[in-house]
Amino acid sequence: MSELETKSLEERFNQRIANDEKIEPKDWMPEKYRKTHIRQISQHAHSEIVGMLPEGNWISRCPTLRRKVALLAKVQDEGGHGLYLYSAAETLGISREEMFDQLHTGEAKYSSIFNYPTLTWADIGTIGWLVDGAAIMNQVALINTSFGPYGRAMIRICKEESFHQRQGFEIIMTLMNGTDEQKAMAQDSLNRFWWPALMMFGPRDADSPNSEQSMLWKLKRKTNDELRQAFVDQTVPQAELIGLTIPDPQLKWNEDRKHYDFGDLNWEEFWQVVHGHGPCNKQRLDARKNAWNNGAWVRDAAMAHAEKNANRELKQAV
Ligand code: BYC
């Protein structure tokens, strides 16, 4: 293709983005747009399936049958989200095998939050309330993302995350209506998860290499700092309502800004976790690699069965 032709395609593409038109898989798109989407969507998918692990850890230890039913459904939903997202990424020309390979070799990231351990039952409540709460904040904005399959996947994902957030908040609310020991367990869980939840939104805007271009392409509809602020503003009153204290001495309502001011995050911890040195990074990746290796015979059997059927159909046709 000549330089002139590429330029005119680029202009048309930028115009479509400016008009808020959805870009579909077979449409022309700049190579960098395609690659950036594969990166973000596949990392999002990896976060969903790695995110099943900390909660899966508590399925056999739920305090009641009702809690177990809800947690099972939630963890299965996360698996489903991973599958929609892998499918959305595949429409951009990457195979599922390649994506798993990138996860297993550490080339692709997944959300830092899932590298923290779930030590008590209260952590299951906190994950639903804060982690799914943060995910919704980010993903509602993504419904309007420019790439059609990604935005459409978000519609159903957000509905399910909303149920997850409520079941988590209800667990914490129940603990806060319980004994002193249960209240202390809920507070301890909030103390451990508050800062890592704020880190889910990514580095500060000034330190986010991908944000500027992703905002221009309307892949991201809000910046990392905007979403983090919206999450803090939404969550602080919820904590206060049930008697929990946010573990941030600098947290204060700012009447001029009409937002909460809050303390700085420990960015060194964030980057350590992102680069593979968090409390559970090795455990999480080992679990995923084992699942992949142990499932090899199922994939092989399914392929052999498909091949046998195809051959049979071919024989019948001739
Ligand atoms: N953790 O330039 P930036 C869920 C990386 S799961 C790890 O700001 P970007 C759930 C970033 O990838 C929900 N890495 O990047 C499941 C980049 O590295 P690369 C997960 C992070 O992409 C189970 C570098 O840092 N949600 O709901 O513009 C149970 C620089 O960052 C993190 C999504 O995935 C992090 N926290 O913005 C319960 C939402 N933050 O790739 C719940 C979709 C940043 O250049 N993703 N990095 O090597 C996004 O919205 C964006 O990708 C992010 C980062 C806001 C996360």
Side-chain angles (χ1 to χ4, degrees), residues 32 35-58 71 73-82 84-85 88-89 102-103 106-116 118 123-143 145 147 150-151 153-154 157-158 160-165 167-168 193 195-217 219-228 231 265 267 269-278 281 284:
K32 209 167 161 225
K35 286 217 166 102
T36 297
H37 276 73
I38 290 178
R39 179 187 63 81
Q40 180 167 321
I41 301 171
S42 65
Q43 294 190 165
H44 192 165
H46 297 325
S47 303
E48 300 282 356
I49 57 154
V50 176
M52 297 168 78
L53 298 169
E55 290 179 288
N57 183 35
W58 277 89
L71 185 60
K74 177 187 191 301
V75 173
Q76 284 175 359
D77 284 350
E78 309 299 359
H81 300 173
Y84 313 145
L85 290 164
Q102 289 174 355
L103 172 66
E107 191 188 333
K109 298 185 168 73
Y110 59 87
S111 184
S112 49
I113 191 73
F114 302 117
N115 292 306
Y116 291 85
T118 41
D123 291 352
I124 299 306
T126 308
I127 288 184
W129 171 35
L130 297 186
V131 176
D132 287 85
I136 298 172
M137 191 58 79
N138 172 292
Q139 290 168 177
V140 164
L142 285 175
I143 288 176
T145 191
F147 185 55
Y150 193 25
M154 284 306 130
I157 292 180
C158 286
E160 292 177 350
E161 300 290 27
S162 171
F163 146 67
H164 300 165
Q165 195 270 352
Q167 69 86 40
F193 275 94
W195 294 105
L198 296 193
M199 291 174 191
M200 283 177 72
F201 296 98
R204 278 177 297 228
D205 292 351
D207 302 322
S208 162
N210 300 299
S211 276
E212 194 182 342
Q213 182 63 70
S214 291
M215 290 294 286
L216 287 175
W217 276 330
L219 160 56
K220 278 172 130 171
R221 304 304 307 239
K222 293 205 168 146
T223 70
N224 299 359
D225 286 335
E226 282 169 350
L227 289 169
R228 190 167 15 248
F231 175 74
L265 281 68
W267 293 111
E269 173 183 326
F270 171 75
W271 289 115
Q272 282 289 324
V273 178
V274 168
H275 290 127
H277 311 296
N281 292 62
R284 301 295 184 234

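We count ligands from 1, going down the list as the structure has it; atoms in each ligand are counted the same way. Any value given below was found using the heavy atoms of this structure, including those in side chains, with hydrogens, waters and symmetry copies removed. Computed from a predicted model, the values in this text were never measured in an experiment.
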Close residues, ligand 1: non-hydrogen atom nearer than 4.0 Å
Arg39, Gln40, Gln43, His44, Ser47, Glu48, Gly51, Glu55, Lys74, Glu78, Lys109, Tyr110, Ser111, Ser112, Phe114, Val131, Asp132, Ala135, Asn138, Gln139, Leu142, Tyr150, Glu161, Met199, Met200, Phe201, Gly202, Pro203, Ser208, Pro209, Asn210, Lys220, Asn224, Phe270, Trp271, Val274
Indicate the ring-plane relationship of Phe201 and Phe231, choosing parallel, tilted or perpendicular according to the 30° and 60° boundaries.
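Tilted.
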Applying side-chain hydrogen bond (donor to acceptor under 3.5 Å, both in side chains), name anything that partners Thr36, two or more places apart in sequence or on another chain.
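By the side-chain hydrogen bond (donor to acceptor under 3.5 Å, both in side chains) rule, Thr36 matches no residue at all.
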Using the side-chain hydrogen bond (donor to acceptor under 3.5 Å, both in side chains) criterion, which residues pair with Trp271? Sequence neighbours excluded.
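Residues passing side-chain hydrogen bond (donor to acceptor under 3.5 Å, both in side chains) with Trp271: none at all.
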Check the surroundings of atom CD in Gln213: do more than 12 heavy atoms from other residues, nucleotides or ligands lie under 6.0 Å from it?
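Yes, the 6.0 Å shell around CD holds more than 12 heavy atoms from other groups.
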Can a salt bridge be assigned to the pair Lys74 and Asp77 using a cut-off of 4.0 Å between side-chain N and carboxylate O?
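The answer is no: the pair does not qualify as a salt bridge.
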Using ring-ring contact (aromatic ring centres under 6.0 Å, His included) as the criterion, list what pairs up with His46, not counting sequence neighbours.
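Scan of His46 (ring-ring contact (aromatic ring centres under 6.0 Å, His included), adjacent residues dropped) gives Tyr86.
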